[in-house]
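Take a look at the structure below.
Only heavy atoms go into these numbers, but all of them, side chains included; no hydrogens, no water, no symmetry mates. Reminder, nothing fancy here: chain letters follow the sequence lines and each chain counts from 1.
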Amino acid sequence: MIRSQLKKVLDDCFDQGVTEGLWTGGAAGKFTVELPKHEGQGDFSTNFALVLAGIEKKNPRAIAQTIAEKLAMQTALIARVEIAGPGFVNVFINHDVWRRLIPEIIAEGAAYGKSSVGGQRKVMVEFVSANPTGPLSIGHGRQAILGDAIARLLEATGHDVFREYYYNDAGRQMRVLGESTRARYLQLLGEDFTFPEDGYQGEYIIDISRSLIEERGDSLKDHQDVTPFKEQAEKHIFKDISSTLERMGIVFDNYYNERSLYENGHIDDVVAELRAKGYVYEKDNAVWFRTTAFGHEQDRVIIKSSGEPTYRLPDIAYHREKFRRNFDWLVDIFGSDHIATVPDVLAGVKALGYDPDKVTVVLHQFVTLTRDGKQVKMSTRKANFVTVDELVDEVGVDPVRFFFMMRKADSQLEFDLDLATKQSQENPVYYVQYGHARLCAILRQAAEKGFAEPEFDVAESVLLNEPEELKLLKTMSTFPATIESSALELAPHKMIFYLMELAGQLHSYYNKHKVITDDIPLSRARLCMIRALQVVLKNGLDMLGLSAPDRM
RNA sequence: GCGCCAGUAGCUCAGCUGGAUAGAGCAACGGACUUCUAAUCCGUAGGUCGCAGGUUCGAAUCCUGCCUGGCGUACCA
């Protein structure tokens, strides 16, 4: 907010200089206002003079001098201006400007930090999308949290968000699931039946078969069709998946079934349309999509010689449906193992006449679990994988959410079970939450000592003069911009880092300065700031789906 | 072989749309509870930003080549 105010002032000074003939308009929009890395370099810094010097072939320090003088005249906003290094102009903001943030934050409350940059654009976030073949794995967990956090951030920035889970209950995987269930069913009934080689070996299949026996006895013993087994398995597993998602605070607006694409004729339709446009041909008894027309190295099969479509075709048809449902922006969260499908789907979208630039794919890398410093081995097919449910049982929802959001999607994520389990000290989740609990404790204490609900007073606010206080105010001021960049870049980890920074500053401040003292005006001023901090921390935690405890 | 991602402190990772002296957490070491909650704080130590070139006023950041790890490269999803 304050940064953009300064940018506007700087732009005005630039225009003024153009009018006065000091420089040409060539550098318009090229200079920036940044936060310097080191203290003593001002609250903000601009490379204005360096950029202009490059274009105008003039001495950067001379230009810096000129612009500094112009800026210094804006006394309402700027306290002083310095020229440093090769020609950086460092700007020191009037302290009152920071302090006035406090009443604004308190007044806005839960709305502080939210914005309308999204312009109510309709955006679909597709995530999880795991087929109901087993409980959600750790990898799905990361995706679930990542997608949910992104959805929340987009909502906070004024997007009209729709959360969708896409699944398939028709393909080969589900058939194998049905066969696995039948095998367990027959084994439970004492039949000597060999388990399918590529079957799902998890314990949960046996439970499902047992439930089938309870409901229907041995009536399915001679049933050759796997459908009832598949349906039972699907029902149970989906229930399991939804309850896992629910306990993590994740709710979908819609579950989209791939089968409907067939039933509604969309699959045939897409093939016909691609064929009409010349992007489809037959070879070796299969149907091929001419992806080479879009710069790919080789064409891809979309219908196998068996007549069964490959995963690409429904994926393309599904994305076409997303476009037809009038979304302005499609965000797909996929595991990095799906990377191969992305170019194909985008080519399909383009071939069908839609704009692939409206699709943003967030690919996240894998998760490894470590315990006692050693990697925990996982494998989906075998029985020894760790499920999201087990993880939540062990460490709790907040740490699971926090840890999955802590890394950018591009990075592999190491989930340290020992660290996440720790109720104390080095666990970053509690570090942030404890900050909030502390603020609540101070406010409780203040109420007990007879302080009224903090009310901002300009005269008193001048007492907020400690460097730690100004630093906190400055950090609070960047909250809205942090949400915005975190949302638009689809990068929840930025919010996590922000919260850790804010909590850190708060803890330092707490240990160095006492809020409630005999100095009533000072106490009142500080309590206002504490209230504002509480708002920011709470909003930040809420936005990421983390709880904000009043006491710990 | 080709494509994508990663390589930054002992470990896990930020920073990467070029900016000034490269950061955090954990681990290590030394301190702070008669105090609004010590789930906290303060201090010390820790680095050839994978390697080599290039681009320019300026490179962890951009370009090229190479090395290492992960994922993909199906008529699996």
Side-chain angles (χ1 to χ4, degrees), chain A residues 32 34 36-38 40-41 45 47 50-51 53-54 60 84-88 90 129-131 133 168 171-174 176 198 258 283-288 296-298 300-312 314-315 334-343 363-366 368 370 373 403 406-416 418-419 422-435 437-446 448-449 489 493-494 496-497 500-501 503-504 506-517 523 526-527 530 551-552:
Chain A
T32 57
E34 290 157 17
K37 277 182 195 163
H38 302 278
Q41 296 177 345
S45 165
N47 59 356
L50 291 165
V51 172
F88 288 102
N90 297 336
S129 293
N131 286 341
T133 56
N168 172 21
R172 197 190 69 89
Q173 284 187 3
M174 294 303 290
V176 173
D198 55 353
E258 178 184 323
K283 194 181 86 180
D284 301 334
N285 239 352
V287 180
W288 296 70
H296 298 189
E297 280 197 4
Q298 48 185 310
R300 299 290 187 183
V301 170
I302 51 173
I303 300 177
K304 303 185 230 174
S305 51
S306 65
E308 220 177 351
T310 64
Y311 61 90
R312 290 183 194 91
D315 279 2
F334 295 151
S336 63
D337 54 334
H338 281 63
I339 189 162
T341 83
V342 175
L363 287 167
H364 65 88
Q365 298 289 321
F366 288 149
T368 52
T370 53
F403 275 64
M406 206 161 45
R407 306 291 176 225
K408 63 178 180 198
D410 283 343
S411 298
Q412 284 180 45
L413 188 152
E414 181 163 312
F415 197 110
D416 186 337
D418 303 310
L419 182 59
K422 278 186 187 161
Q423 287 277 325
S424 62
Q425 297 198 29
E426 55 286 279
N427 194 330
V429 194
Y430 301 126
Y431 184 81
V432 175
Q433 290 182 326
Y434 186 56
R438 241 182 183 167
L439 296 170
C440 294
I442 296 171
L443 292 166
R444 271 198 302 271
Q445 191 68 220
E448 274 175 31
K449 293 197 173 160
E489 290 168 40
H493 76 279
K494 295 200 166 184
I496 292 282
F497 278 87
M500 291 207 280
E501 169 69 24
L506 163 66
H507 289 310
S508 294
Y509 175 67
Y510 179 93
N511 275 275
K512 192 162 174 187
H513 303 286
K514 207 154 155 38
V515 175
I516 303 167
T517 61
S523 301
R526 286 184 171 169
L527 281 167
I530 294 297
R551 54 183 89 221
M552 288 171 77

Give the rounded distance in Å between these two atoms: [atom1] of [X] and [atom2] of [N].
X         : N      : atom1 : atom2 : value
Leu506(A) : U37(B) : CG    : C1'   : 12 Å
Met500(A) : C13(B) : CE    : P     : 13 Å
Glu297(A) : G1(B)  : CD    : C1'   : 10 Å

Is it the case that A39(B) (base atoms only) and Tyr430(A) (side chain only) share a donor and an acceptor within less than 3.5 Å, ignoring hydrogens and angles? no

Do nucleotides 15-21 of chain B as a string where each nucleotide becomes B, S or -: B if the base has a protein heavy atom under 4.0 Å, S if just the sugar-phosphate does, - if no protein is that close. SB--BBB

Under 3.5 Å: donor-acceptor pair, side chain of Arg312(A), backbone of Val301(A): yes

When you measure from the side chain of Ser305(A) to the backbone of Ala286(A), do you find a donor-acceptor pair of N or O atoms at a distance under 3.5 Å? no

Side-chain contact test, heavy atoms from C-beta onward, threshold under 4.5 Å: evaluate it for [X] versus [Y] and give yes or no.
X         : Y         : value
Thr133(A) : Met174(A) : yes
Ile442(A) : Leu527(A) : yes
Phe366(A) : Asp337(A) : yes
Tyr430(A) : Met552(A) : yes

Parallel under 30°, tilted from 30 to 60°, perpendicular over 60°: which one fits the rings of Tyr509(A) and His513(A)? tilted

For the residue pair Phe403(A) and Phe415(A), categorise the inter-ring angle as parallel (less than 30°), tilted (30 to 60°) or perpendicular (more than 60°). tilted

Hey, does the side chain of [X] come within less than 4.0 Å of [N]'s phosphate (OP1/OP2), counting only N and O?
X         : N      : value
Tyr434(A) : A39(B) : yes
Lys512(A) : A32(B) : no
Tyr431(A) : A38(B) : no
Ser411(A) : G7(B)  : no
Arg438(A) : A38(B) : yes

Glycosidic conformation of C71(B), taking syn as within 90° of 0 and anti otherwise: anti

Given Glu448(A), Lys449(A), Arg526(A), the one that forms side-chain contact (heavy atoms from CB on, under 4.5 Å) with Ile516(A): Lys449(A)

Enumerate all atom pairs, one protein N or O and one N or O from nucleotides 68-72 of chain B, separated by less than 3.5 Å.
unit_1	atom_1	unit_2	atom_2	d
C71(B)	O2'	Ser336(A)	O	3.2

Minimum heavy-atom distance between Val432(A) and Ala503(A), given as atom pair plus value: CA-CB, 3.9 Å

Taking the nucleotide of RNA chain B with the nearest heavy atom to each, does Ser508(A) or Gln445(A) sit closer to the 5' end? Gln445(A)

Judged by nearest nucleotide, the residue sitting upstream toward the 5' end of RNA chain B, Ile303(A) or Tyr510(A), is Tyr510(A)

Can you list the stems that include RNA chain B, where a stem is three or more consecutive Watson-Crick or G-U pairs with distances under 3.5 Å? B:1-7 with B:67-73, B:10-13 with B:23-26, B:28-32 with B:40-44, B:50-54 with B:62-66

Between A38(B) and A28(B), how far is it from one P atom to the other, in whole Å? 23 Å

C66(B) versus A20(B) - spacing of their C1' atoms, nearest Å: 32 Å

